[in-house]
J.: 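First the structure, which I've put down as structure tokens, then a few questions once you've had a look.
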Amino acid sequence: MEFPRSSVIKSADYDPEARTLDVTFRTDRHYTYFGVPGHVFDALVTASSAGEYFNTHIRDHYESERH
């Protein structure tokens, strides 16, 4: 899913079976976050500021891997 209004997040995709969130930033860095509940992704998508939501509720809260 693209985030055209975000100055931080370029795109994010969620796999509900694996509970993984793949995030690509405007800097073209790509990370996978593990163990993310579906409601967290839903809230990211509907947040008025995706970058602020990400920084507050996802970054440093879930194990991640940079690709």
Side-chain angles (χ1 to χ4, degrees):
M1 164 173 279
E2 299 292 320
F3 286 77
R5 297 180 321 171
S6 177
S7 62
V8 176
I9 298 174
K10 184 176 183 178
S11 65
D13 294 298
Y14 183 68
D15 181 336
E17 289 184 18
R19 291 174 43 115
T20 56
L21 175 63
D22 292 313
V23 180
T24 302
F25 296 93
R26 295 277 172 211
T27 60
D28 285 328
R29 289 186 178 156
H30 177 88
Y31 288 81
T32 299
Y33 293 85
F34 302 95
V36 179
H39 73 271
V40 171
F41 176 68
D42 293 340
L44 175 67
V45 170
T46 60
S48 59
S49 171
E52 183 177 324
Y53 183 87
F54 172 83
N55 288 331
T56 303
H57 299 283
I58 298 172
R59 187 181 76 179
D60 300 328
H61 293 274
Y62 299 95
E63 184 178 334
S64 64
E65 179 178 288
R66 183 177 173 186
H67 300 279

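This one's a predicted model, so the numbers in the text were calculated from it and none came from an experiment.
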J.: Working to the nearest 0.5 angstrom, can you tell me the gap between Phe34 CZ and Glu63 CD?
T.: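 The CD atom of Glu63 is 6.5 Å from CZ of Phe34, to the nearest 0.5 Å.
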
J.: Apply the test side chain to side chain contact (heavy atoms under 4.5 Å, CB included) to residues Arg26 and Val8: give CA-CA distance (whole Å), side-chain angles for both, the deciding distance (0.1 Å), then the verdict.
T.: CA-CA 6 Å; Arg26 295 277 172 211; Val8 176; 5.7 Å; no

J.: Should Glu65 and Tyr33 count as side-chain neighbours, where that means a heavy-atom distance under 4.5 Å?
T.: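 No, every pair of side-chain atoms sits at 4.5 Å or beyond.
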
J.: Taking the side chain as every heavy atom from C-beta outward, state whether Pro37 and Arg19 have any atom pair closer than 4.5 Å.
T.: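 Sidechains of Arg19 and Pro37: in contact.
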
J.: Does the side chain to side chain contact (heavy atoms under 4.5 Å, CB included) test come out yes or no for Asp60 and Asn55, once each step is laid out?
T.: CA-CA 8 Å; Asp60 300 328; Asn55 288 331; over 6 Å; no

J.: Answer yes or no: is there a side-chain heavy-atom contact under 4.5 Å between Val45 and Phe3?
T.: yes

J.: Hey, is the main chain of Tyr14 close enough, under 3.5 Å, to the side chain of Asp22 for a donor-acceptor pair?
T.: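 Answer holds: no.
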
J.: So which atom in Tyr62 and which in Gly35 form the shortest heavy-atom distance, rounded to 0.1 Å?
T.: CE2-O, 3.5 Å

J.: Are the side chains of Val40 and Leu21 in touch, meaning some heavy atoms are under 4.5 Å apart?
T.: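 No, too far: nothing below the 4.5 Å cut-off.
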
J.: With a 4.5 Å cut-off on side-chain heavy atoms, are Asp13 and Thr20 touching?
T.: no

J.: Rounded to the nearest 0.5 Å, what's the gap from OG1 on Thr24 to CD on Glu2? Could you check?
T.: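 It comes to 8.5 Å.
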
J.: Does the gap between the ring centers of Phe25 and Phe54 come in under 6.0 Å?
T.: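 Aromatic pair counts; centres sit under 6.0 Å.
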
J.: If you round to the nearest 0.5 Å, how far is CD1 of Ile58 from CD1 of Ile9?
T.: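 Rounded to the nearest 0.5 Å, the CD1-CD1 separation comes to 6.5 Å.
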
J.: May I ask you to test the Val23-His30 pair for a side-chain heavy-atom distance under 4.5 Å?
T.: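 Val23 vs His30: side chains apart.
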
J.: Other residues, nucleotides and ligands only: do more than 12 of their heavy atoms fall within 6.0 Å of CZ on Arg29?
T.: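 Result for CZ/Arg29: open.
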
J.: Which heavy atom of Leu44 sits nearest a heavy atom of Ala50, and at what distance?
T.: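 Reported closest heavy-atom pair: CD1-O, 3.5 Å.
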
